[in-house]
Each structure stands twice: as structure tokens, then as C-alpha cells.
Amino acid sequence: MLYLDHAATTATHPEVIKEMLPFFQDVYSNPSGSYEFAADSRLMLERARKVIADSIHAKPEEIFFTGSGTEADNWALVGMARLKKEQGKHIITSTIEHHAILRTCQYLEKKGYEITYLPVDHDGCVSVEDVERNIRPDTILISIMYANNEIGTLQPVERIGEFARKKHIVFHTDAVQAYLHEPIDVVKQSIDLLSVSAHKFQGPKGTGFLYVRENIALPSLLHGGNQERKRRAGTENVAGIVGMAKAVSIGMHNLSENHEKLLSLRNYLIDRILKEIPDVVLNGSLENRLDANVSFGFRGIESQSLILFLDMEGICVSGGSACTSSEKSISHVLQAIGLPEEYARGTIRISLGVENTLEEMTYFVETLKELVAQLREFS
Ligand SMILES: *Cc1c(COP(=O)(O)O)cnc(C)c1O
């Protein structure tokens, strides 16, 4: 099998699994216990928090563990809406956010909040000027993703952060796709809230975190016990958190090496596919692009057929994104970049992982060329 859908999820790193195992059987204590045995898992939670905080230049007390990237996104938005409801009910986001953001915004609209969905250009990029033009006295939050999960475009996070800070508006970014691909510094980039999910970087599924800048009293979504300094109730997923921290250590240690490797594989795909296959477009920005993502629209092809044909050759890719693959309609992201329908219908996403090789890319391009030609012949 050739797995090229790392934006959907990744295999858990063997070292991560090894690190997690003792926390199911030996150190299974509830960190809230009062005995020495509980202190062991408590210590590991705090070590994990430190490793994660260091990776984004935050303080350990600014890191809150969650059950997913989706939960972190929901918490950031709903929490801020509740915290600031007396000051205003206006939120700025973009049209190309992940559904964890967009559907939470729709929920907030039903609760009386007003959301401005900023458009993007043909590359999928939000303009800082648009952010500036759309703020109002009652704007309480700006939420713009760091990197798009479908087309890989990186947003001008630092410039948006700088502007938001100047205007005293809280700035959240969904960094699920960018984390451990791009260097992140929440201080330098003026980020107030940041969402991450472990299973996108060789950590376990069902674990994530939200960074909350220290002076923001984000209220809890979940009510119950006093875990996470009373901000996120529920017994901590100790094994998952330990595994996530291990994946962070590995990813941080190899950050630049992995980045270079992914970039060269990605650029190889872009060069060959654009050169050797007719009637194809690269979706998203060429310069401001995630190292692991390519997205191509093939004219006159149904992406579902291409995905099926590739699957029969043992190759896993996806359409727009994993979350919309069962839907027939064109993804909101491809609509937002104004991609003509004949290309949007034939769009696939290839997302790379560090275990991928150049030989695999060669095999992929050769197979893709044949299948695209076959499908075009049939239609
Ligand atoms: C995967 C993803 C999420 C959701 O994370 P889960 O941990 O799977 O809930 C949110 N935002 C983006 C950009 C993603 O790619």
C-alpha cells in the first residue's frame, strides 16, 4: 500500500507507542489521586505540558489538553463567545476553515453571534487588509487557520496576529495542519489561542491541545472535575498525552530535516505532474504552501473515479478532504478559490509523510499518468 493521505491522519510512530504502553498497565493511576502512585502519572502530564509548551514558545500553564483538534477549535470559539458576550458578538473567520471552525460558527450564529467569513484569493490566501477592513467595535475574535487542510495554503498568521494585538482583539489559529511543519512562535507571531491535534503528526488519535495565552480566562466547555486547572473537566488521557508529547519531541528534533525532505518530494510531484499531464491545475499557492500538501484539479475527470482507480493500485489519496469525501458536492474550499467546476470535480489531494520516498513518488506519477489518460479516454 502507498499511503498518501497524511493530512487525514498518520500512523502512530513506534517510539510513541512504546512510550505510551506503560501508562495503560503499570502507571494507570488517575492523576487526581492523593497517593504516590498518582504522582507518577501527574509528573508525566506536567513533563508533557513542558515539552509541548516549548515547541511553540509558550508557558506550560498556557497548554490545555483536549480530546481532539475539533474540541480545541470548538473550545476556542465557543469559549471566547461566552467570555466576551458583554463586549460584542462579532467574530471574523474565513470561508476556507475546517468544518470544526465553520460549523461552530454556524452554531454561534444561531445563538445570536454575527460572523464575517472573509473571502480568499485564487491561491486560497486571506488578505490582511480584508481583516483590517472588517473589524468593528464589537469584534471579539479573529480565527484564521494557519494552513489549509485541502489545498495547503499558508496564511499570513504573523501579520494578522500583529494587527489583532494592536487592536486588542483575540486571535485564534487552527494550526492542526501546520504544527511540526512550520516553526511556530506564539510570542513572535502574537497568537492568543492555537489548536493542535496529535494524530496529524504521528501521535495517537483522540488527543490534542489548545494553547490559551495566560491572561485570557477562557471558560470551560466541559463541566465536572477540577482537571486542567478547572478549565477542562474529565480524567486526563494520560497515555495519549504522553504519546503526543513523544511525537512532539520526535517532530521537533527532526523539524528542519523533515521539512527539507517533504519539500523535495512535494516539488518533485508538482514539477512532473504539471509537465507530464495535460489539463491539470495546482490548487493553492506555490510559494506559501505546506511542505506536505499537493492538490491537483484534472479537467474532465470525476475525482471519485480517480480515487477508486488509484485505490485499486494500492494508493490512498483523498478528494477535497477526508471529512467531505462521502459528499458529492464541490468542497467549500475549492468554491472559495473560484476553481472552475470542470477542474474542481476532478480534484485530488496528495498529502505526504516523512516515511514516503522518492521511488514511491515516481511510482505514483507513472500510475497517475496512466489512470488519468484511461479515465479521459472513457469519458
Ligand atoms: C484534522 C483537522 C482538524 C480536526 O482534528 P481532529 O483531532 O481530527 O478532531 C481540525 N482542523 C484541521 C485544519 C484539521 O486538518
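We use all heavy atoms of the structure for the numbers below, so side chains are in, but hydrogens, waters and symmetry mates are not. Counting starts at 1 for both ligands and their atoms, following the listed order.
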> If you count the atoms of ligand 1 from 1 in the order shown, which ones are under 4.0 Å from a heavy atom of D73?
Replying inline: 10 (C), 11 (N)
> Which ligand 1 atoms does H199 reach within 4.0 Å, using its non-hydrogen atoms?
Replying inline: 6 (P), 7 (O), 8 (O)
>> How close do L218 and M80 get, counting heavy atoms only, and between which atoms?
In response: CD1-N, 3.5 Å
>> Within the 4.0 Å heavy-atom shell around N149, which atoms of ligand 1 are there?
In response: 13 (C), 15 (O)
> Does any N/O atom on G69 come nearer than 3.5 Å to any N/O atom on ligand 1?
Replying inline: yes
> Any idea which heavy atoms bring S295 and R289 closest together, and the distance?
Replying inline: N-NH2, 3.3 Å
> Between D174 and ligand 1, does any nitrogen or oxygen pair lie at a separation below 3.5 Å?
Replying inline: yes
> With a cut-off of 4.0 Å, which atoms of ligand 1 are near a heavy atom of S197?
Replying inline: 5 (O), 6 (P), 7 (O)
> Do you see a donor-acceptor pair shorter than 3.5 Å between the side chains of T10 and Y3?
Replying inline: no
> Quick one: which ligand 1 atoms are inside 4.0 Å of a heavy atom on K200?
Replying inline: 1 (C), 2 (C), 3 (C), 14 (C), 15 (O)
> Would you call the rings of F298 and F296 parallel, tilted or perpendicular if under 30° counts as parallel and over 60° as perpendicular?
Replying inline: tilted
> Just checking, any donor-acceptor pair under 3.5 angstrom between side chains of E97 and S143?
Replying inline: no
> Where does the angle between the aromatic ring planes of H332 and H99 fall among parallel (under 30°), tilted (30 to 60°) and perpendicular (over 60°)?
Replying inline: tilted
> With respect to atom 15 (O) of ligand 1, which of H98, Q177, H99 exhibits the smallest heavy-atom separation?
Replying inline: Q177
> For ligand 1, which atoms sit closer than 4.0 Å to a heavy atom of S68?
Replying inline: 7 (O), 9 (O)
> Are Y179 and Y211 near enough that their ring centres are under 6.0 Å apart?
Replying inline: no
>> Once you restrict to heavy atoms under 4.0 Å, what part of T70 touches ligand 1? Side chain, backbone, both or neither.
In response: both
